[in-house]
There are 2 protein chains.
Amino acid sequence: MPKHTILLVDDEVAIRDMLSVALEAADFNVLKAENAQQAHAMIIDHQPDLALLDWMMPGTTGLELLRRLKRDELTAKIPVIMLTAKAEEDSKISGLDAGADDYLPKPFSPRELISRVKAVLRRVGREDLQEPITVGELLLDPLGHRVSISGQPINLGPTEYRLLQFFLTHQERVYSRGQILDYVWGGNVYLDERTVDVHIRRLRKAISVAGHENYVQTVRGAGYRFSVQLQNG
Amino acid sequence: MPKHTILLVDDEVAIRDMLSVALEAADFNVLKAENAQQAHAMIIDHQPDLALLDWMMPGTTGLELLRRLKRDELTAKIPVIMLTAKAEEDSKISGLDAGADDYLPKPFSPRELISRVKAVLRRVGREDLQEPITVGELLLDPLGHRVSISGQPINLGPTEYRLLQFFLTHQERVYSRGQILDYVWGGNVYLDERTVDVHIRRLRKAISVAGHENYVQTVRGAGYRFSVQLQNG
DNA sequence: GATAACATGACACAAATATGACAGCGATAT
DNA sequence: ATATCGCTGTCATATTTGTGTCATGTTATC
């Protein structure tokens with residue numbers, strides 16, 4: 001089981017430290033940010049599994065950051081728990097409205113935080129990544145981290161696996177090499193875009209059994225697409 | 001995917017250089033301007049995909065330039081990110097009010113800048129071109145970058161695809177070859193206007209199923225038109 | 001039927017993508 | 001430590017596909 005990465009955003013050092021200790025004790029990787037700008041950059045760079053946002057922060061508030069995250073497809077699916085001071089009662093409503101997954105009024109115990117975090121991860125984990133996806137004879141099982149065609153196991157490198165998983169969860173749509181780098185490699189890696197070509201090739205090669213490589217389609221001048229429909233007529 | 005072009009406007013050479021290096025590293029084309037006049041001219045000439053405007057500049061300020069851009073239809077759609085010094089807290093409001101797409105308080109890291117730029121480009125890129133367009137049995141799906149007639153996939157080269165997309169979004173109106181070159185090929189290319197004829201021909205050929213080629217109509221002495229109504233009455 | 005505007009097919013060149021090889025790197029085993 | 005192995009990103013090269021121009025054939029208009 002890979003460790004989950006949690007991004008913790010709060011402007012007060014003391015709170016950041018306390019919570020990060022608690023989270024690390026619960027076996028999470030913790031990233032810290034003290035303002036919305038930093039947080040946003042980290043989210044794009046590291047694609048954490050969950051973000052804890054303080055409601056009130058100098059500059060851009062947590063709520064604003066939340067809205068921004070939800071507006072962008074790349075970050076929209078990252079679950080968010082808002083941390084708010086008790087006074088701000090109605091913040092709950094606007095927070096959940098804006099797409100927060102949970103809401104935790106201060107003061108709260110580290111123990112409570114951990115259980116909420118785990119609950120949210122369980123919930124979204126179930127929805128998104130956990131169920132096997134199958135296309136034709138191709139099967140990708142996220143739980144077992146396995147891929148097979150007609151029952152025959154397929155060997156993929158980590159990158160090819162993520163690439164395939166990305167394609168399977170984003171079918172019938174073209175993605176530019178840049179987008180693919182963002183989604184599969186994570187934001188802000190400066191790689192040659194041609195690198196994508198090479199991994200596409202490796203993926204195709206790996207799944208080239210009974211024509212399954214034809215699902216991975218080249219769209220000249222635009223990028224690549226995973227599609228069940230054949231390329232031409 | 002064509003490279004995006006970013007216009008960077010700041011009066012300080014050091015900042016211009018630093019940011020332009022970062023942007024180029026992220027594979028953008030970068031145009032630089034040191035004042036609002038220059039910037040305005042460049043925007044009209046080169047139609048960048050996005051503009052980064054420094055808030056405070058000698059002479060016309062970034063905010064003024066922003067307002068001017070939003071007032072002119074030709075430039076209104078170009079997304080703008082404002083760069084502001086930390087002190088100017090409320091500038092945020094007026095900036096977003098005036099139509100800026102994002103707002104980035106100094107100091108910021110190049111990385112943060114890149115991720116904002118990408119986020120904005122993703123967001124605006126999505127708005128316009130997203131919805132599938134259908135005419136008769138003809139279907140163009142921008143997301144999948146696909147064209148089909150009665151469900152049968154049609155194979156188009158990149159240029160023919162753009163040409164068709166242009167026609168579908170600008171129906172029932174004649175465009176001269178020069179205009180078509182501008183819109184489909186982009187502003188500053190010098191090509192023989194007859195080239196348009198050839199691509200019209202290729203497009204017609206590609207969609208000549210069940211008479212769909214008749215939508216692309218020749219208007220003698222004027223140019224071409226995409227129309228659902230038949231040519232001669 | 002003369003003339004200008006457009007259509008068409010062919011072609012050389014350009015651009016985009018596919019492919020194979022390789023060196024660096026980190027993890028694991030020895 | 002050191003050797004080994006699998007994975008990655010980059011490069012050079014091959015291959016495929018798209019592009020603009022031209023020469024020539026067709027059509028509309030007067």
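What you see below is based on every heavy atom in this structure, not just the backbone, and it leaves out hydrogens, waters and symmetry mates. A note on names: the letters A, B, ... follow the listed sequences, proteins ahead of strands, and every chain is numbered from 1.
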Trainee: Verify, without hydrogens or angle tests, whether A:Gln38 (side chain) and A:Asn35 (backbone) share a donor-acceptor contact under 3.5 angstrom.
Mentor: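 Answer holds: no.
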
Trainee: Chain A on DNA chain D: first and last contacting nucleotide, 5' to 3', under 4.0 Å to a heavy atom?
Mentor: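 Taking any atom under 4.0 Å from a heavy atom of chain A, the span is D:dC7 to D:dG18.
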
Trainee: Restricting to non-hydrogen atoms, name the atom on B:Tyr161 and the atom on B:Asp141 that form the minimum distance, rounded to 0.1 Å.
Mentor: OH-O, 3.8 Å

Trainee: Less than 4.0 angstrom from a charged side-chain N to a carboxylate O is my criterion; do A:Arg68 and B:Asp102 meet it?
Mentor: yes

Trainee: Rounding to an integer number of Å, can you tell me how far B:Tyr224 OH sits from C:dA7 C1'?
Mentor: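 For the pair B:Tyr224 OH and C:dA7 C1', the rounded distance is 8 Å.
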
Trainee: With a cut-off of 6.0 Å (strictly less than), are more than 12 heavy atoms of other residues, nucleotides or ligands near CZ of B:Arg162?
Mentor: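 Correct, the count exceeds 12.
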
Trainee: Of the options A:Arg177, A:Gln179, A:Gln217, which is the one that meets A:Tyr224 in a side chain to side chain donor-acceptor pair (under 3.5 Å)?
Mentor: A:Arg177

Trainee: Which part of the nucleic acid, if any, lies within reach of B:Glu193 when heavy atoms closer than 4.0 Å are counted: base, sugar-phosphate only, or nothing?
Mentor: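 No contact.
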
Trainee: For the residue pair B:Tyr215 and B:Arg204, confirm or rule out a side-chain donor-acceptor distance under 3.5 Å.
Mentor: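 No, no side-chain donor-acceptor pair sits under 3.5 Å.
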
Trainee: C:dA18 P sits how many Å from A:Gln217 CD, rounded?
Mentor: 12 Å

Trainee: What does the list of N/O pairs under 3.5 Å between the protein and nucleotides 19-27 of chain C look like, with a distance for each?
Mentor:
residue : atom : partner  : partner atom : Å
C:dG20  : OP2  : A:Arg201 : NH2          : 2.8

Trainee: I'd like to know if the side chain of A:Arg202 pairs up with that of A:Thr159 as donor and acceptor (distance under 3.5 Å, no hydrogens or angles considered).
Mentor: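 No - no donor-acceptor pair under 3.5 Å links their side chains.
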
Trainee: Could you tell me the separation between the CD1 atom of B:Ile180 and the C1' atom of C:dC6, rounded to a whole number of Å?
Mentor: 13 Å

Trainee: For A:Arg194, what residues pass the salt bridge (charged side-chain N to carboxylate O under 4.0 Å, His left out) criterion, not counting sequence neighbours?
Mentor: A:Asp197

Trainee: Just how far, in rounded Å, is P of C:dA5 from CZ of B:Arg177?
Mentor: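 After rounding, the reported distance stands at 10 Å.
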
